[in-house]
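Heads up: the structure comes next, in structure tokens.
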There are 2 protein chains.
Amino acid sequence: MSTHAAIAANASRAVPGYLVSALAISPASGTGAAIQPRNPADPLAGLGHTKVHERETTVFGEGDAAGSVFRVLSGMVRLYKMLPDGRRQIIGFLQAGDMMGLAFAAQYLYTAETVTATTIQRIPRLELDALMDAQPAFARKLLSTTTSELMAAQDQMVLLGRKTAAEKVASFLLRLSDRKGGERTIDLPMGRSDIADHLGLTTETVSRTLTKLKSGRLIRILAGGKLELLDRDALSDLACGF
Amino acid sequence: MSTHAAIAANASRAVPGYLVSALAISPASGTGAAIQPRNPADPLAGLGHTKVHERETTVFGEGDAAGSVFRVLSGMVRLYKMLPDGRRQIIGFLQAGDMMGLAFAAQYLYTAETVTATTIQRIPRLELDALMDAQPAFARKLLSTTTSELMAAQDQMVLLGRKTAAEKVASFLLRLSDRKGGERTIDLPMGRSDIADHLGLTTETVSRTLTKLKSGRLIRILAGGKLELLDRDALSDLACGF
DNA sequence: CGAATCCTTGAGAGCGGTCAAAGGATGTGG
DNA sequence: CCACATCCTTTGACCGCTCTCAAGGATTCG
């Protein structure tokens with residue numbers, strides 16, 4: 001019951017991640033805090049094996065045989081699909097608490113790469129299945145979380161299909177902020193080309209748009225890949241509701 | 001009980017939520033065949049209430065209180081989200097077997113309108129919850145279907161973010177065909193502006209692109225909103241794998 | 001500290017959007 | 001059953017947002 005309430009609360013985040021197949025089990029998700037590997041309230045705690053991956057390395061590739069699901073405990077991961085000629089679409093950025101590889105398919109349908117050094121829990125499918133059998137409530141939890149991801153994916157469709165470059169970038173920054181609980185200062189550990197491939201733009205357009213937001217005093221770009229939101233209301237207007 | 005917890009938590013959303021998922025429960029989906037209301041192999045058979053909706057009518061609107069989920073038994077429905085200034089993104093077109101309104105949110109996150117006259121089964125959330133409690137396998141089935149929807153949503157992100165107009169239209173036509181089991185002749189009951197708002201284009205661009213495909217002998221436009229795929233291989237090359 | 005990588009900025013081009021109007025299809029009333 | 005009105009589609013001309021190509025500058029990492 002308390003577990004269910006917690007999940008429902010996560011599922012109802014005003015602006016959940018833009019991640020895919022991402023499962024935010026822990027209420028600490030998104031605050032930058034890492035998931036604790038051994039938490040009695042976490043059904044996945046202790047399952048599988050946990051490993052630290054270096055920055056800019058591949059966790060699994062599109063088309064690889066899919067035997068496990070993964071959960072990010074700390075750090076950041078990007079998921080993407082590529083067209084034959086190299087065009088790339090980043091499906092989402094995963095942070096602490098998010099899951100990936102959940103599809104019921106024989107192969108992974110996207111590539112997962114670390115952006116920063118990342119701690120990842122690898123859980124064999126069989127263990128996850130066993131957990132769902134043992135705890136039917138867990139299967140419902142997974143359903144709820146997957147549905148939230150689907151909602152986020154639909155928001156992303158609106159962004160990609162109908163928003164201008166400035167609206168896309170503003171939406172992206174606000175999402176990152178909301179994910180950190182609405183903080184003014186956010187991390188941008190990923191490069192401009194990652195942002196571009198997530199928003200359906202080019203690196204040049206992302207850079208130009210950020211410069212424009214900076215000139216308009218809506219944001220301030222800080223050292224170390226950080227960024228401060230100076231005028232959240234103006235950004236929100238620009239974003240057209242994420 | 002679990003339902004109560006979910007609803008209470010959802011009611012506390014700071015921002016009206018966004019949408020939901022579409023699922024294909026029936027293997028007969030997309031063949032044009034209608035779902036049978038009383039099929040012993042269908043766990044949803046006989047649940048809720050079934051009604052025929054006229055063409056171009058609203059089933060539910062974004063923001064409406066969400067008390068039921070719906071399943072399309074025959075006909076076609078479009079799901080869309082709108083930006084404040086009227087820009088529209090069609091999330092998807094639903095056919096026989098597809099479900100909508102599945103999000104665990106207090107409000108529907110998108111609008112559902114019929115394209116053609118459509119038979120729709122309305123199932124109260126409480127009945128669906130009861131079914132999941134009674135048949136854990138059904139919850140797993142819903143999870144599997146929702147995951148498939150998520151994969152489709154990710155393909156759509158690639159389409160919207162990285163494909164050209166011609167690639168978008170070719171992908172769209174091939175998807176419709178595949179949904180009908182790969183038939184050469186497909187139905188296009190929706191208007192050009194519906195297609196445009198699904199692909200992130202304008203009606204003019206959709207029209208021009210179809211004309212170009214017609215000139216290139218890749219397709220043939222038939223009377224009554226039908227279309228024939230003349231060169232599936234060429235379309236497939238164009239589409240870059242959907 | 002040095003070198004590679006990434007970011008920013010500029011100039012110009014092109015794809016798709018906008019505006020406009022003619023051509024067809026659909027549906028309704030006479 | 002036909003005439004007319006309305007809506008949708010198609011086509012054309014032009015525009016502008018974003019992309020492409022290019023180069024200088026900043027940052028990061030080994």
Side-chain angles (χ1 to χ4, degrees), chain A residues 54-57 78 83 85-90 113-117 159-170 172 187-216 219-227 238 240, chain B residues 54-57 78 83 85-89 115-117 159-172 187-216 219-227 238 240:
Chain A
E54 289 179 14
R55 49 168 266 132
E56 296 295 331
T57 56
R78 64 173 163 260
L83 293 175
D85 64 357
R87 281 174 288 176
R88 184 179 68 155
Q89 178 66 40
I90 292 186
E113 293 174 353
T114 58
V115 175
T116 63
L159 181 148
L160 291 169
R162 285 294 174 232
K163 288 189 181 178
T164 66
E167 291 166 346
K168 287 175 176 180
V169 171
F172 176 69
D187 273 303
L188 288 177
M190 73 290 287
R192 296 288 184 267
S193 69
D194 281 349
I195 298 174
D197 285 348
H198 184 47
L199 303 180
L201 300 170
T202 59
T203 60
E204 294 93 332
T205 298
V206 170
S207 181
R208 273 187 260 268
T209 304
L210 286 173
T211 300
K212 229 169 288 176
L213 292 177
K214 196 169 53 177
S215 306
I219 63 170
R220 202 152 57 103
I221 295 176
L222 310 174
K226 291 193 186 300
L227 187 149
L238 239 187
C240 284
Chain B
E54 289 179 14
R55 49 168 266 135
E56 296 295 332
T57 55
R78 62 172 164 262
L83 293 175
D85 64 357
R87 279 172 290 176
R88 183 178 69 155
Q89 178 66 40
V115 175
T116 64
L159 181 149
L160 291 170
R162 286 293 174 231
K163 288 188 180 177
T164 66
E167 291 167 347
K168 286 175 175 181
V169 172
S171 298
F172 176 69
D187 273 304
L188 288 177
M190 72 292 284
R192 296 288 184 268
S193 69
D194 281 348
I195 299 174
D197 285 347
H198 183 48
L199 303 181
L201 300 169
T202 61
T203 61
E204 294 93 331
T205 299
V206 170
S207 181
R208 271 187 262 268
T209 304
L210 285 172
T211 300
K212 228 169 288 175
L213 292 177
K214 196 170 52 175
S215 306
I219 63 170
R220 201 152 59 102
I221 295 176
L222 310 174
K226 291 193 185 301
L227 187 149
L238 240 187
C240 284

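Every chain is numbered from 1 and lettered A, B, ... according to where its sequence line falls, protein lines coming before strand lines.
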Using whole Å, what does the distance between atom P of nucleotide C:dG24 and atom NZ of B:Lys214 come to?
11 Å

Taking only side-chain N and O atoms of B:Thr203, does any of them lie within less than 4.0 angstrom of OP1 or OP2 on D:dT9?
no

With a 4.5 Å cut-off on side-chain heavy atoms, are A:Arg162 and B:Leu83 touching?
yes

Assuming nearest nucleotide by heavy-atom distance, tell me which of A:Ala166 and A:Arg55 is located more 5' along DNA chain D.
A:Ala166

Rounded to whole Å, how long is the line connecting atom CZ of A:Arg87 with atom P of D:dT18?
18 Å

Hey, does B:Leu201 reach any base, or is it just sugar-phosphate, or nothing, if we go heavy atoms under 4.0 Å?
sugar-phosphate

A:Met190 atom CE is separated from C:dT5 atom P, nearest whole Å, by 21 Å

In whole angstrom, give the distance that lies between atom CG of B:Asp85 and atom P of C:dT18.
11 Å

Applying a 4.0 Å non-hydrogen cut-off, can you work out what A:Gly225 is touching in the nucleic acid: base, sugar-phosphate, or nothing?
nothing

Over how many whole Å does the gap from B:Ile221 atom CD1 to C:dG24 atom P extend?
14 Å

Between B:Asp197 and B:Arg192, does any NZ, NE, NH1 or NH2 come within less than 4.0 Å of an OD or OE carboxylate oxygen?
no

Under a 4.0 Å N-O cut-off, is there an ion pair linking B:Arg87 with A:Glu167?
yes

